[in-house]
Amino acid sequence: MEITVNGEQVTLEKNSGTVAGLLQTLGYIGETFAVALNGDFVARATYGETPLNDGDSLDIVAPVVGG
Amino acid sequence: MDQLKLYGKAFDSRLLIGTALYPSPAIMRESVAASGAQIITLSLRRQSPEQQQGKMIWDYIQESGCQLLPNTAGCKTPKEAIALAEMSREIFHTDWLKLEVIGDDYNLQPDPYGLVESARELVRRGFKVLPYCTDDLLVCRKLLDVGCEVLMPWGAPIGTGQGLMNKYNLRTLRERLPNIPLIIDAGIGAPSQATEAMEMGFDAVLLNTAVAKAQNPVLMAEAFKLAVASGRAARTAGLMLKRQTASPSTPTLDMPFWQQAPVAGAGEEL
C-alpha cells in the first residue's frame, strides 16, 4: 500500500492499517504533532480508528515559529 | 488601568509579536521579553520525528506565559485554513486563531472571500478568530457579521516595512467601527509607524519582521514597546487639531521692543 506522508511516498507492507499504526511505525511519539488525512483534520483521539487506504495522503505537522 | 480587551481577556501590552525570522532562538526569547508582548504568534509545519524545532518551540511555549496566537500562514483555501486551525487548536490547546487566507503570492494579500467563508465556519466550530484582513470597510463588516470580534487589517503587505499604506481606509475603519478592537497587523517597519497607528486610535499592533530583522532585535523590541505605549498615551490624551497658520506659543502680551522696526517681508513697507 502506498501512502504519501508529508509529500513523500511511503510503502507499507500491510494493505490495511490505521493512522495510529503508521505514526508508531514512523516514530512519532508525544503530543507535539497533529495530523490531517487527505487534507482533513484527524483528532488525536481517533487515530486508532481511522483507517488508511492505498493512495491516502497524510500531513503531520508540529509547532514552528511564525509571524 | 488601560487594558487591551480581546475575546474577554485583558492585556496590559498593546504590542503583539511574531516568533519568526530571528537570528537565533535565544535572541527570539530575549526580544519577546523585551517587547513586553503578552500575545505571540506561531505556526505549524510538516515535520519528521527526528526534527527538533517542534520541541524547541514547545519548550518555549511552556515558559513564555503568553497567550498563544497560532496562525494559518500560507493557507490559500478555506479547506486548508480550517484543517490547520483544527490542528493548531489540538496542539496549542487554544481556540484563538490568527486567520490567514492568502489570495495573492506576490503581495500576500488576504483573499476576502476565502477569509469570510473560513471565518464563518471557524466561529461555528468555536474558534476565536482574529482575521488578518485588508482595510476594506465592507470586508471588515462581513467578518464581524460572521462572528469575528476582533479585526486585524494590514498596514502594508507582510514583511515590507512600508508602514500605513492607506491611511484614508484605516481612518475610515476606526471611525466607522468605533467599538471593535482593531489591530494593525503586518507592514510596520519602524517604531514611528507603530506610534502613528496607535495615535490614529488602533487598539494594538502586531509585527514580527521589523524586530526580528533589526540589527539589534532585542533593542528594537524595546523601541516598539515604547512606541506603542507612547502612541496609546497620545491617543488617550487627545491630539491637538492641526492648523494652517502659525500661532505663537509664547504669550504676546507685554512683549518688549514692540515698537521695533517690522521684519522685512512681513507685509509692511520699510
Side-chain angles (χ1 to χ4, degrees), chain A, chain B residues 16-22 25 28 32 40-61 68-74 77 79-80 82-93 98 100 108 125 132 158-159 185-186 206-212:
Chain A
M1 176 165 76
E2 296 285 323
I3 302 279
T4 306
V5 178
N6 285 347
E8 292 188 15
Q9 287 291 117
V10 174
T11 305
L12 300 178
E13 291 173 9
K14 288 191 292 183
N15 271 332
S16 64
T18 62
V19 169
L22 179 60
L23 290 172
Q24 195 174 14
T25 305
L26 295 173
Y28 284 93
I29 47 169
E31 294 196 349
T32 57
F33 62 89
V35 172
L37 179 60
N38 300 323
D40 291 317
F41 170 64
V42 180
R44 177 168 293 274
T46 65
Y47 290 168
E49 63 207 53
T50 305
L52 290 172
N53 296 299
D54 192 40
D56 275 349
S57 179
L58 207 65
D59 280 287
I60 306 166
V61 298
V64 294
V65 294
Chain B
L16 294 72
I17 199 161
T19 54
L21 301 173
Y22 293 87
M28 183 267 280
V32 172
I40 55 172
T41 55
L42 17 78
S43 198
L44 294 176
R45 286 293 179 264
R46 284 172 169 173
Q47 210 148 52
S48 60
E50 53 284 356
Q51 284 176 291
Q52 286 301 306
Q53 201 198 352
K55 184 167 184 326
M56 184 279 285
I57 290 290
W58 195 251
D59 292 343
Y60 173 65
I61 288 166
L68 305 181
L69 184 57
N71 70 31
T72 59
T77 65
K79 181 180 164 70
E80 289 173 4
I82 290 163
L84 203 58
E86 291 280 13
M87 291 194 272
S88 290
R89 180 160 65 177
E90 185 178 78
I91 288 189
F92 295 119
H93 306 293
K98 171 178 166 175
E100 292 185 49
L108 300 177
R125 296 187 187 198
Y132 166 59
I158 297 169
D185 180 6
L206 196 172
L207 54 89
N208 189 154
T209 313
V211 168

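Chain letters run A, B, ... following the sequence lines, proteins first, then strands; residues in each count from 1. Note that the structure is predicted; figures quoted are calculated from it, not measured.
Other residues, nucleotides and ligands contribute more than 12 heavy atoms inside 6.0 Å of the CD atom of A:Glu2.
The closest side-chain heavy-atom distance from B:Arg46 to A:Asp59 is below 4.5 Å. At least one side-chain heavy atom of B:Leu44 sits less than 4.5 Å from a side-chain heavy atom of A:Pro63. Between B:Glu90 and A:Phe41 there is a side-chain heavy-atom pair separated by less than 4.5 Å. Under the 4.5 Å side-chain criterion, counting only non-hydrogen atoms from C-beta, A:Asn6 is not in contact with B:Ser48.
In this structure, chain A has no heavy atom under 4.5 Å from any part of B:Tyr60. Proximity to chain B is absent for every atom of A:Val5, based on heavy atoms less than 4.5 angstrom apart. Only the side chain of B:Glu100 comes within contact range of chain A, judged by heavy atoms closer than 4.5 Å. Heavy-atom distances place both the backbone and the side chain of B:Glu86 under 4.5 Å from chain A.
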Query raised in the report: For B:Arg45 and A:Val64, what are the C-alpha separation, side-chain angles and deciding distance, and is it a side-chain contact (heavy atoms from CB on, under 4.5 Å)?
Result: CA-CA 6 Å; B:Arg45 286 293 179 264; A:Val64 294; 3.6 Å; yes
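Chain B forms more heavy-atom pairs under 4.5 Å with one residue of A:Ala62, A:Ala43, A:Gly39 than with any other, namely A:Ala62. Contacts with chain A were tallied for B:Arg89, B:Lys98, B:Met87; B:Met87 has the most, counting heavy-atom pairs under 4.5 Å.
Here the shortest heavy-atom pairing between A:Gly27 and B:Pro49 reads O-CB, 3.4 Å. The shortest heavy-atom contact between A:Val65 and B:Met28 is CG1-CE, 4.4 Å. Nearest heavy atoms, A:Gly67 versus B:Ala20: N-CB, 4.2 Å.
Rounded to the nearest 0.5 angstrom, A:Thr32 OG1 and B:Ile57 CD1 are separated by 11.5 Å.
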